Novice: 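This is the structure I want to talk about, given as structure tokens.
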Amino acid sequence: MTDSSEQEHDVAQPAESTELPLEFEAFFVMHKDAFLRIAAGRLRNLHDADEALMDAGIQMYRKWPRIKAHPKPIALAYTILSAAITDFYRRRARHADREVPVPGPAYTTYADKPTVDDLLMLRGYDPLDRALASLEESAPLQAQCVQLRYLADKDIDEIAAYLNITKGAVKGNIHLGRKKLHALMETPEPGKGDS
């Protein structure tokens, strides 16, 4: 055997730098909080919103040259974020279809069961969520404008930039969207009409 001092050891070399381009990093950091508010408004869960945002961030990074060359980069980034949120829903549905609950004490020990307070807190969102879902089907642009204005707390200029439409179109879509939401939320449930 050779002496340990005589042995040659391969020293691991650091991998190539995986630093983000400074322009992309600055863009993402500047808009991250706004993107997170948008995702949280649609997903209603901060952890899910963060996961969807990171998926969107990866797509934005991959498409950075295209985003940078776009006349309105924030509009393209918002489109990517919206697609990532939709994909998050789809991915969750696919996984739920494949999951099989395992009976036994381990399942009950690790399951994160909601409390009555959790359910009561979410009860107030149900009519709004149903109305927004209906509005998204019938008038998606109006739904996006309302969500950005009231759930993500964006002003008219920012919404126009995100959706690549004029300020007048934003105002009109917000007005019409609110009217439709109001009508949808006041629609009596079947069997509970004024008869």
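Just so it is clear, the values below take in all heavy atoms, side chains as well, and ignore hydrogens, waters and symmetry mates. Starting from 1, each residue takes its place in the sequence as its number. Note that this is a predicted model, so its numbers are computed, not measured.
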Novice: Hey, could you give me the NZ/OH distance between K72 and Y78, rounded to the nearest 0.5 Å?
Specialist: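 Rounded to the nearest 0.5 Å, the NZ-OH separation comes to 14.5 Å.
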Novice: Quick one: closest heavy-atom pair of A143 and L135, and the distance?
Specialist: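 Between these two residues, the closest heavy atoms are CA-CD2, 3.8 Å.
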Novice: Looking at CD1 of I67 and CD1 of I80, how far apart are the two atoms once the value is rounded to the nearest 0.5 Å?
Specialist: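 If I round to the nearest 0.5 Å, the distance is 3.5 Å.
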Novice: Do R92 and D48 sit within salt-bridge range, that is, some charged N less than 4.0 Å from a carboxylate O?
Specialist: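 Salt bridge flag = yes for D48 with R92.
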Novice: So, applying side chain to side chain donor-acceptor pair (under 3.5 Å) with H182, which one of K180, K179, E186 is it?
Specialist: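 Single pass found, and it is E186.
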Novice: Within the distance-only criterion (no hydrogens, no angle test), does the side chain of N173 pair as donor or acceptor with the backbone N or O of A169 below 3.5 angstrom?
Specialist: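 Indeed, once roles are kept as given, a pair shorter than 3.5 Å links the two residues.
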Novice: Quick one: CG on L181 to CG on L176, what's the gap to the nearest 0.5 Å?
Specialist: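 Going from CG on L181 over to CG on L176, the span is 11.0 Å.
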Novice: Nearest 0.5 Å, please: how far is NZ in K171 from CZ in R149?
Specialist: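 Taking CZ in R149 and NZ in K171, the distance rounds to 11.0 Å.
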Novice: Using 30° and 60° as the class limits, which term best fits the ring planes of F24 and W64: parallel, tilted or perpendicular?
Specialist: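 Rings of F24 and W64: perpendicular, over 60°.
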Novice: About how many Å separate CG of L148 and CD of E158, when rounded to the nearest 0.5 Å?
Specialist: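 So the CD of E158 and the CG of L148 are separated by 9.5 Å.
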Novice: In terms of side-chain geometry, is the basic nitrogen of D153 or R37 positioned less than 4.0 Å from the acidic oxygen of its partner?
Specialist: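 No, this pair does not count.
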Novice: Give a yes or no on whether the backbone of S134 and the side-chain of S138 come within a donor-acceptor separation of less than 3.5 Å.
Specialist: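 Such a contact is found between S138 side chain and S134 backbone.
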Novice: Show, in sequence, the C-alpha distance, side-chain angles and deciding distance for Q147 and E136, and conclude whether the side chain to side chain donor-acceptor pair (under 3.5 Å) test is met.
Specialist: CA-CA 10 Å; Q147 288 172 342; E136 281 181 2; 2.7 Å; yes
Novice: Can Y150 and R178 be said to form a side chain to side chain donor-acceptor pair (under 3.5 Å), step by step?
Specialist: CA-CA 10 Å; Y150 297 105; R178 284 185 60 192; 3.3 Å; yes
Novice: Stepwise, does the side chain to side chain donor-acceptor pair (under 3.5 Å) test hold for E51 with H47?
Specialist: CA-CA 6 Å; E51 187 175 333; H47 298 292; over 6 Å; no
Novice: Looking at CG of L81 and CD1 of I74, how far apart are the two atoms once the value is rounded to the nearest 0.5 Å?
Specialist: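 One gets 9.0 Å once the value is rounded to the nearest 0.5 Å.
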Novice: With a 4.5 Å cut-off on side-chain heavy atoms, are K167 and D157 touching?
Specialist: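 A side-chain contact exists here, since the closest heavy-atom pair is under 4.5 Å.
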Novice: Are any of the side-chain heavy atoms of L53 and I38 separated by less than 4.5 Å?
Specialist: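 L53 does not reach I38 side chain to side chain.
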Novice: Between A84 and A52, which heavy-atom pair has the shortest distance, and what is it?
Specialist: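 So the minimum-distance heavy-atom pair works out to CB-O, 3.7 Å.
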